[in-house]
Every structure is written in C-alpha cells, then in structure tokens.
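Comments concern the structure below.
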Amino acid sequence: MHTPSTQPRPSIYYNYQVFKPWLSSQNPPQPKHKVVIVGAGPAGMVTALELARHGVSSVLLSAELQFSQGSRAIVFTRRSMEILQQVGVAHRVTENGLPWRCGNSIYRGQKVFRMETPHDPDDRFFPMINIQQQYLEEYLHDACAANELIDVRWGNKLVKAENIEGGVKTEIDTPEGPYTLETEWLVAADGGRSEIRSSMNLKLEGASFESIFVIADIRIDLPYPTERLAFFDPDWNRGNTILMHREPHGIWRVDYQLSPGETPEEALRPESLKERIDAQLKMIGFEGTPWEMDWNSVYSARTLTLPEYVHKRIVFTGDAAHLLPIFGVRGANTAFQDAQSLGWHLAFVIKGLAPEQLMQNHSTERVGAAREIITEAGKSTRFMAPPSRGFRLLRDAVLSLSLTQEFVRPLYHWRTSRPHEYSSSGLNSPHDDNAQFTGGPALGAPPQNVLLQADNYLLDHLGGGFDLVFVADAQGIPSEIAQAVARIQQQGIPLKLTAISAEAAPLAGAHQTLQDPQQRFADRYAVKAGGAYLFRPDQHICARWQQLDAARLLQSLQVACMQ
Ligand SMILES: Cc1cc2nc3c(=O)[nH]c(=O)nc-3n(C[C@H](O)[C@H](O)[C@H](O)COP(=O)(O)OP(=O)(O)OC[C@H]3O[C@@H](n4cnc5c(N)ncnc54)[C@H](O)[C@@H]3O)c2cc1C
C-alpha cells in the first residue's frame, strides 16, 4: 500500500498544502484513457495543459500529496515564460517573480566580467525571472485543476507499466491499495530517478561529473539587485566556485562547490553548512548579518539523455528523458520545451490528424535538443568544475589572465538555456521561399516576439494550433488563400489565419487582424506584403514565403502533419 507523507513539508516562506488522495473506491469504474501522465512536476503538468489546449484529456498522477520539497529550479528563461503564457500561468510568475538580465563573475575578489543580456523592446518577458519551483508548480497545478480535461490524482503512484497492443497497461498504488488502468499512451514524466525508465532497463547516454555542489537557501537581507553572482577561486574555498542568486521572499541561494573527497553527508552537517555560509558572507562584507536556513541539498552535474524518447506507447519527457546540469538553468526550462513539443505531437496523433510516425519526429527533435544542450552545458560545467588537471590548468589560466586581459573575459560567458532550432526537422517545408530570406527566423527556429502596439505583442495572439501570419496590404487577404485555409480547417487541422495590417480595420478572410502601424513584424521577419510565415503549434517556424500561394500552403501543411 502506497502511503505518501501527510506532514506538510518544512519551509520558512512557503505553506505547503497537503492534498487529499484520489481513491478509486470513490470514483466510477475507469474507462480506457487517452493519456496517463506519470508525474506532476513541471514536465507532467505542462504536457497535460498542452494536451488540453488541443482538446485531449489526460489523467495526471502524482505519487506525493504536495508540491516538491525546496526551491529546486529557481531561474526561468524568456522562452519558458512564452510557453507558460500559452498555458495561462505566465502572468502569475510575472506578478511574483524577480526579473533580471545581468550576471557578474568575480575572481579572487575582483570583478572580471559582467554579462548583460539584452532586453529587446520587442520582447514581453525579461531574459530571466527567479521564482521558487514550488510556486511554479502551484500555478501550474491551479491551471490543471481548473481544466475539466485534466484529472489530477494526488497520492497515486504508478508501480507497473507494460506496453500492450494499442496502449499501455498500468498498475497504480494508492493509500487504499492498488488499481489497474489502461491507456492509449503513457507519458513518463516521473523525474530524474524515473522508475519507469529503470524498469524498462533503458540506459541514459553521456557523462556524469564528479564535482559535488551544495545548494543552501537562506533568508537574509542583502542589499544586492537580482543579478547572478559567480565567485571563482575565492579565499575561503580555493580552487572552487560559488554562485549566489536572489529569490523572492528574502531568500538567497548560496551554491558552492566541495573540495574533492568531501562526501555529501559531511557537507550537509549543520555545522559544516554554517561555517561555509558564514565564510561566504564574511567574504562579501556581511559578516554577522543574521540568516536562517530554509532548505539545502547536494547535486553533481550530469549530461545524460536517452537516445530515444518514444518506446512504443510509452513516451519519456523532462528529467525522466534526460539529466542536464543546472548551470545555464537547463533542468525545468528544457522540460517546458519538451512538454510543449510533446503536447501537440501527441494530440495530433490521437486525433488522427497525423500518423503515429509524428511521435518519432518529436523524439528526434527533442533528443537533438538534449544533445545540443549537453554539448553547450558540458562547456559551462567544465569551466565551473574542471573534471581533470588539464581542464583546471586551462580554466585557471583564463581566470588569472582575466585580471589584466580584457580579451579573455568573455570566456566567462554563461551559456544560458535557449530554445533549440529544429533546422533539419522533417516537418520543415521544401515548398517555401526560405532560401530567399535575408533575415527573420529560419525554418525550425523558435518565434521572435514583436511589439505591435503598447502592451500588445505578436505572441499574445498565436498558439493552440498552426498559425499562418500573413502580411496584408490594401488588397487584404487573397480569396484563394482564405479558401485554402477554410479547406484545411475542414479536414480538422487547427489553423488560424492572422493578418498583419497597418490599419486597425479587420480584414475579410482573416480570423484576426493585428494592427502593426510601425511595420515591426515586416522588419523583424524580413518579409513584405503578400508574404507569410507558418508557425507550428509549438510556435517554431515550418514554412515562410515572400509571396504566399494556396498550393504551397497546402503542401507545407501536409509536410508538417506527415500526411
Ligand atoms: C535538489 C535539486 C535542485 C535543483 N536545482 C535546479 C536549479 O537550480 N535549476 C534548474 O533549472 N533545475 C534544478 N533542478 C532540476 C529541476 O528541478 C528539474 O529539472 C525539473 O523539476 C524537471 O521537471 P520534471 O517534471 O521532469 O521532473 P520532477 O520535477 O522531478 O517531477 C517528477 C514528478 O514525478 C513524480 N513521480 C515520480 N515517480 C512517480 C510515480 N511512480 N508515480 C507517480 N508520480 C511519480 C514525483 O513525485 C514528481 O512530482 C534541481 C533538482 C533538484 C532535485
């Protein structure tokens, strides 16, 4: 019998709610479900919300009765916010989070590099925003609980999953004992220690780094702005690295590297934690400032991924699919992109709008993304925690040269999580004018936001299906384009035609007309009147034309749906 803890988790700033378990004895007999999602972390909840946006219902299982312990992921990127906007929770993060865009690297007490990520006026969201993962999970959960297509089941632990003909048979344990459930598809979003992954004997590929880091969240009043602080080779922790981040509610994260040979058990002793935190505070000039511990943990960097995410009807996503170092804020930020991709691919297959082969495209694209992240994050990890004597020599040379030489300072650059470009995706259209473009997002690229008018951005209006964004002139929408869009919609494919116009008046044939008096869309997307962009449901570009015609639009949608 599964007995999750009913004791609220300890925290000095977050009140954990303990939810009631879902019990099969209190519910009608279970039909075969479309999708069961195992794990109500960031990946599982965004997958459920994305599926619901496409009209697909799901059962969302959480082994626990409360949100995750400790702040865990605290830094969320602009692209994550754009994804969260799609599922209706970005405004809550904006209201409660701390936006930022600058980072400082300090070597032996001297500031050697300042990173300033540009904040383009065309972007609605800051490059980064800090909020603790429990809050993010709470906002996502509120959205899931309010959605009638999502059946959230607290205290339900999946204990067995088996691929069978046309679906998956599962066994789920609860506080009143187990029950069985059949589903057409099972999403394994059960985190880094995925038992589904280990029960299927699937091996992650890649590397694990030996260096161990401690994360300690403390409440303290420090007069610093919300910027990332990285201390290399500081007096009290020679040869190692320390990071500091401001979190909401007066919390600071102190993240420090241990010397080789020190065990996590030793490092997490209260005296050891106190000694290190006091040393760090002394180094930055706040010796004796009172502080209080909220949560601490240890981690080591890993760059691992499954080589395939789709195993018949079981699909891995988020940390269950890959383990990425937290340097560059890869964990939850990558999970959102996985979930957004999975949501539409799976919905299209379930609704019969695309063959099952489309799931293979999801796997190929997201494994490609994980591998790209692994290459990039591996570089950051080797800089933060050199894995060998050779790497340390090189890193230390950069550090000491940076005291006097400007040219080496950019080597500190923190490669932050960014969305993968699906440049070689099989869904990219060969029936477009991509080669004729001299700017704008290319095939496979994520979208670029555009400030159309005050507090009115392009991405506020896109999403939920394919989007055809057409640059209109005084002639409006050509009737052959409007007719082609209507034909595609009759086939059940969600496609919205958005006209970009200098005028406010709605244009006939368009589902919506966005007024763009300064022609910012045309500039940013390097396209003139008569041209258009086709966005996939995850907003990546799959076709673009300098001069759109109906036949090539139809062909491109067939390619994007693998028909
Ligand atoms: C200590 C720690 C610190 C971290 N710090 C950072 C950081 O600073 N920055 C960063 O970007 N990332 C950080 N991460 C990583 C980040 O938290 C994860 O990348 C992110 O949570 C991934 O989301 P997920 O949904 O894939 O997995 P998880 O958030 O792990 O969610 C998995 C969910 O599945 C549930 N579950 C597991 N097994 C079952 C089962 N059999 N049945 C039902 N439910 C099940 C779990 O209870 C959990 O709710 C940290 C992680 C940890 C552990």
Side-chain angles (χ1 to χ4, degrees), residues 2 4-5 9 19 21-22 36-48 59-77 80 128 130-134 136-137 140-141 144 152-161 170-174 178 181 186-199 212-217 228 243-245 247 253-255 264 268 295-302 304 309 316-339 342 366 370 373 377 380 416-417:
H2 174 53
S5 169
R9 301 188 197 280
F19 294 91
W22 184 97
V36 169
I37 300 169
V38 187
M45 287 196 278
V46 175
T47 303
V59 172
L60 180 62
L61 305 177
S62 173
E64 303 294 331
L65 297 173
Q66 36 191 330
F67 301 125
S68 69
Q69 168 84 62
S71 62
R72 297 180 68 187
I74 53 166
V75 183
F76 299 96
T77 62
S80 292
M128 252 79 68
N130 288 2
I131 195 158
Q132 294 94 341
Q133 187 166 326
Q134 311 94 313
L136 194 85
E137 291 186 10
L140 287 168
H141 173 259
C144 289
V152 184
R153 299 187 182 181
W154 289 101
N156 278 227
K157 181 176 164 63
L158 181 124
V159 288
K160 206 165 156 196
T170 68
E171 188 177 314
I172 295 156
D173 203 1
T174 72
L181 204 61
L186 185 89
V187 174
D190 54 340
R193 296 203 177 116
S194 171
E195 286 176 16
I196 304 176
R197 191 180 66 217
S198 43
S199 72
I212 297 175
F213 284 76
V214 167
I215 297 178
D217 278 353
R228 171 192 185 254
L243 300 169
M244 287 185 75
H245 273 289
E247 302 173 27
R253 173 171 290 186
V254 185
D255 186 348
L268 292 183
W295 170 75
N296 52 70
S297 182
V298 288
Y299 71 89
S300 56
R302 285 168 294 181
L304 298 164
Y309 295 166
F316 290 83
T317 195
D319 277 11
H322 45 64
L323 290 168
L324 305 170
I326 66 175
F327 311 122
V329 297
R330 318 281 174 169
N333 290 298
T334 306
F336 292 137
Q337 290 163 44
D338 290 333
L342 175 55
R366 293 312 301 162
I373 293 165
S380 310
T416 317
S417 165

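Heavy atoms only: backbone and side chains are in, while hydrogens, waters and symmetry mates are out. Remember, it's 1-based here, ligands and their atoms both numbered in the order they're listed. Being a predicted model, the structure only gives us computed values, none of them experimental.
When the salt bridge (charged side-chain N to carboxylate O under 4.0 Å, His left out) test is applied to R197, no partner is found at least two apart in sequence or on another chain.
Checking A321, A335, S194, P42 against atom 29 (O) of ligand 1, the nearest heavy atom belongs to P42. One option in V46, V159, D319 has a heavy atom closer to atom 22 (C) of ligand 1 than any other, and that option is D319. If you check each of R253, E137, Q133 against atom 21 (O) of ligand 1, the one with the closest non-hydrogen atom is Q133.
Less than 4.0 angstrom separates some heavy atom of N156 from each of these atoms of ligand 1: 42 (N), 43 (C). Of all atoms in ligand 1, numbered sequentially from 1 with element shown, those under 4.0 Å from a heavy atom of S297 are 1 (C). Which parts of ligand 1 touch W295 is read off a 4.0 Å heavy-atom cut-off, strictly below it: atoms 1 (C). For ligand 1 and A332, the ligand atoms under 4.0 Å from any heavy atom of the residue are 11 (O), 19 (O). Remark: ligand 1 atoms within the under-4.0 Å shell around heavy atoms of G318 are 26 (O). Close approach of ligand 1 to G191 (heavy-atom distance below 4.0 Å) involves ligand atoms 27 (O), 30 (O), 32 (C). Listed by number with element, the atoms of ligand 1 under 4.0 Å from a non-hydrogen atom of A189 are 32 (C), 33 (C), 34 (O).
Residue contacts with ligand 1 for L324 are absent, since no atom lies close enough (heavy atoms, distance under 4.0 Å). Contacts of F67 with ligand 1, taken as heavy-atom pairs under 4.0 Å, are absent altogether.
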Taking distance alone, no hydrogens or angles, what donor-acceptor pairs closer than 3.5 Å link side-chain atoms of residues 62-70 to residues at least two apart or in another chain?
from, atom 1, to, atom 2, distance (Å)
S62, OG, E64, N, 3.4
S62, OG, E64, O, 3.3
Q66, OE1, R9, N, 3.1
Q66, NE2, Q7, O, 2.9
S68, OG, E137, OE2, 3.0

